[in-house]
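Computed from a prediction, not measured in an experiment: that's the story for all the values here. What's counted below: heavy atoms across the whole structure, side chains too, no hydrogens, waters or symmetry copies.
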Amino acid sequence: MIEALGYLWLRPWWILLVPVAIILGAFLMQRAVRLGAWERAVDSHLLDAMRRMGRIVPGRTERTWWPAAVLGVIGLALAGPASERRDNTSYRNLDAVVLVLDLSPSVTEHSRLFDVLTAARLVAEAADTRQTAAVVYAGEAYVAAPLSTDARALSGTLALLDADTMPVGGTRPETGLAMARQIVIDAKIIAADIVLLSDGNAIGPEALAQAGLLAEVGATLSAIVVPGDAAGGAALDALVRTGTGTMGTLSDPYPVLSQLAASPALRLAETGFATLVLTDLGRYLLLLALVPAFLLLPRRRLP
């Protein structure tokens, strides 16, 4: 599936029929104006003389391009141009966003929490109409906001988070990722985006294992890096590679935001459910192909 010319194309390889149709049309038109075997049987200077005398009537090309037109339109139809349905919110369990916020002391004690929460609000805005949940973790993980399309309620919850929110200190990112995975499983989400906001502290084999488990349930793990030591950044990079997502930073979160704002059909392309949020316009192009096809039918002249 690709996006081009303002449409999503479900089966773009069929567009190759269009240049084939153009070549076929050019060949048929050239053949129509030629004399076929007569050009080999009669001397060229004699044919030229007969043309000047009006003894040779040029071939008619009015109908020669119609087969090529039928083939070209069928190629476009099979390519599957599609537009997104306006009622795609009825398939709310197709995809969702789960924020996983690191509220451990390494983040909250360095006056970076305000920037973290600002980035979280940007993620929630990029999610648009998708269901969004928030998980917070330190030594343990908790659901701060369940899945909901109420962006205002989520923003209010994020505004209440501070350095004293977590009752248990420490840093266990695997607990936050495990809770995000459980949310995806319980809600039967087909394709989810998990966005981790963390400095990468304490990311080890357990967190990497959770990233792999998220990928198994169809979730993509991305991260927005909170400034910290180089080891934390490298650990987050390895985590994101395992989770097949995108990485941004507090100063440049837009790679992650762009992924979240992508078309629902493009997000669901790998799941096989993309057609549930699309209207395939190819069927209407097939009706259009009937026009030149009808003109190809033989017509009898009335006496």
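- Here the shortest heavy-atom pairing between S222 and V240 reads C-CG2, 4.2 Å.
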Solution key, residues 14-23 side-chain donor-acceptor pairs under 3.5 Å, sequence neighbours excluded:
none

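- Contact detail for S198 and L236: the closest heavy-atom pair is O-CD1, 3.3 Å.
- Counting heavy atoms from C-beta outward, Y137 and L196 have side chains that approach closer than 4.5 Å.
- Partner of P173 under the side-chain contact (heavy atoms from CB on, under 4.5 Å) criterion, chosen from N201, D102, I203, V100: I203.
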Exercise. Hey, mind stepping through D193 and R130 against side chain to side chain contact (heavy atoms under 4.5 Å, CB included) and telling me if it holds?
Worked result: CA-CA 10 Å; D193 276 300; R130 300 167 69 184; 3.0 Å; yes
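- Residues that satisfy the side chain to side chain contact (heavy atoms under 4.5 Å, CB included) test with A124, not counting sequence neighbours, are L154.
- A pairwise comparison of heavy atoms in V168 and A138 identifies O-CB, 3.4 Å as the closest pair.
- Here OG1 of T118 is found 9.0 Å from CG of L113. Values are rounded to the nearest 0.5 Å.
- Taking CZ of R283 as the reference point, atom CG of L287 lies at 10.0 Å (rounded to 0.5 Å).
- Between T157 and L160 there is no side-chain heavy-atom pair separated by less than 4.5 Å.
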For this session: Kindly indicate, with the supporting measurements, whether the criterion side chain to side chain contact (heavy atoms under 4.5 Å, CB included) is fulfilled by L99 and V135.
Result: CA-CA 6 Å; L99 282 162; V135 172; over 6 Å; no
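- Without hydrogens or angle criteria, R172 side chain to A202 main chain gives no donor-acceptor distance under 3.5 Å.
- The minimum heavy-atom distance linking P227 with D199 is given by the pair O-CB, 4.3 Å.
- Separating the OG1 atom in T132 from the CG atom in L147 is a distance of 7.5 Å, to the nearest 0.5 Å.
- Residues I185 and L213 fall into different hydrophobic clusters, defined by Ile, Leu, Val, Met, Phe, Trp and Tyr side chains chained together at heavy-atom separations under 4.5 Å.
- Here the CZ atom belonging to F114 is positioned 16.0 Å from the OG1 atom belonging to T108, to the nearest 0.5 angstrom.
- Here the side chains of L158 and S155 are not in contact, with every heavy-atom distance at 4.5 Å or above.
- To the nearest 0.5 Å, the span separating CZ on R241 from CG on L208 amounts to 9.5 Å.
- Taking 4.5 Å as the limit, every side-chain heavy atom of T220 sits out of range of all side-chain heavy atoms of I194.
- With contacts defined as side-chain heavy-atom distances shorter than 4.5 Å, the pair L101/L117 qualifies.
- With a 4.5 Å cut-off on side-chain heavy atoms, V256 and Q259 do not count as touching.
- Scanning both residues, E174 and Q210, for their nearest heavy atoms gives O-CG, 3.7 Å.
- Nearest heavy-atom pair, L177 versus A207, reported as atom, atom and distance to 0.1 Å: CD1-O, 3.8 Å.
- You'll find the side chain of L78 stays beyond 4.5 Å of the side chain of L285, heavy atoms only.
- A donor and an acceptor atom, one from each side chain of T165 and D162, are located under 3.5 Å apart.
- With a 4.5 Å cut-off on side-chain heavy atoms, T175 and E140 do not count as touching.
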Exercise. Hey, mind stepping through L122 and I224 against side chain to side chain contact (heavy atoms under 4.5 Å, CB included) and telling me if it holds?
Worked result: CA-CA 11 Å; L122 291 175; I224 294 179; over 6 Å; no
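- Atom OG1 of T242 sits about 10.5 Å away from atom CG of L214, to the nearest 0.5 Å.
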